[in-house]
Amino acid sequence: IEGVYEAVDASPEEFPDVVKRLADEGWQGVNVTIPHKTAAAQLADHRTEAVDAFGASNLLLFRDGKIIADNTDWQGFQRCLSALPDPAYSKAVVLGAGGAAAPIVHALLDYHDVVVVNRTAEKAKALASRFGDHVRTAPWEKRSDILAGAEVLVNTTSLGMAGQPPLDIDLEPMRSKSLVVDIVYDPLSTPLLKKAREKGFQTAHGLTMLVYQAVPSFRAFTGTEPPDPEIILRKLTEERQ
Ligand code: ATR
């Protein structure tokens with residue numbers, strides 16, 4: 001492929017002008033990361049359904065003089081769920097209600113019961129209110145009890161990251177063969193994921209999401225399929241272990 005994919009720095013003040021300049025220069029589009037995802041959704045001329053649902057974009061496409069905002073973070077997460085049974089009967093618990101939690105809750109749209117649990121209850125309620133009746137909240141103190149009958153647990157808080165205290169939670173109430181996801185990739189194996197593996201649960205880390213959010217972006221930029229994401233994921237995982 002004849003093309004260039006490179007990193008561009010932008011402060012929040014510069015961000016809208018940088019995007020317009022890149023569009024004028026003829027780039028196909030940009031991936032957008034923290035802290036610009038909300039601003040990216042706002043400056044676009046058109047937004048996909050997902051972007052409208054939770055107000056954040058990680059992919060801007062420049063097409064026919066217009067800026068289109070898409071979000072592939074939620075698709076990256078959905079790949080982690082592919083090995084699980086029918087979501088129509090399943091319960092999922094999401095810990096945290098910051099920017100990283102919104103695409104995760106969106107990806108759980110087919111789940112029967114989704115519970116958002118956050119230290120600051122108001123933030124959990126504000127996030128849940130953006131979605132349908134299948135999303136509810138529970139107090140942070142109840143984070144272990146609420147796992148009863150759940151098949152999926154996702155940690156989007158900073159607990160367990162390098163330099164942060166571990167997440168204090170009891171996985172016992174979860175169903176057997178559950179999936180536990182920690183969206184960080186430093187470290188790759190958080191105390192939570194270690195605990196989950198000891199219980200025989202399936203696990204996924206942040207690199208899975210990172211690689212799979214890149215697949216639709218690659219397609220949109222180049223019009224071709226990327227190399228096998230599983231091979232890329234394995235290689236990245238090995239490099240970090
Ligand atoms: P954002 O993605 O919006 O920048 P953040 O400030 O990085 O969010 O925090 C990410 C998540 O980690 C939040 O849900 C935060 O909980 P609060 O909303 O109550 O701040 C959670 N978090 C961070 N430290 C925590 C801790 N010590 N105990 C529980 N949750 C914590």
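When a ligand or atom number is given, it counts from 1 through the structure's own listing order. These numbers come from the heavy atoms of this one structure, side chains and all, not from hydrogens, waters or symmetry mates.
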Contacts for ligand 1, heavy atom under 4.0 Å, by chain and number, are Gly96, Ala97, Gly98, Gly99, Asn118, Arg119, Thr120, Lys123, Trp140, Thr157, Ser158, Leu159
Table please: side-chain donor-acceptor pairs of residues 155-163 below 3.5 Å, with sequence neighbours left out.
unit_1	atom_1	unit_2	atom_2	d
Asn155	OD1	Thr157	N	3.0
Asn155	OD1	Thr157	OG1	2.7
Asn155	ND2	Leu159	O	3.1
Asn155	ND2	Asp182	OD1	3.0
Thr156	OG1	Leu95	O	2.7
Thr157	OG1	Leu159	N	3.2

- Task: Answer yes when Glu239 and Lys235 have at least one side-chain N-carboxylate O distance shorter than 4.0 Å, and no when they do not.
- Result: yes
Tested for side-chain contact (heavy atoms from CB on, under 4.5 Å) against Phe77, the lone hit among Val105, Thr208, Val181 is Val181
Item to complete: Hey, can you tell me if His106 and Phe131 have their rings parallel, tilted or perpendicular (30° and 60° cut-offs)?
Response: tilted
Between Glu25 and Arg21, is there a side-chain N and carboxylate O pair less than 4.0 Å apart? yes
Does the pair Glu151/Lys91 count as a salt bridge with the N-to-O cut at 4.0 Å? no
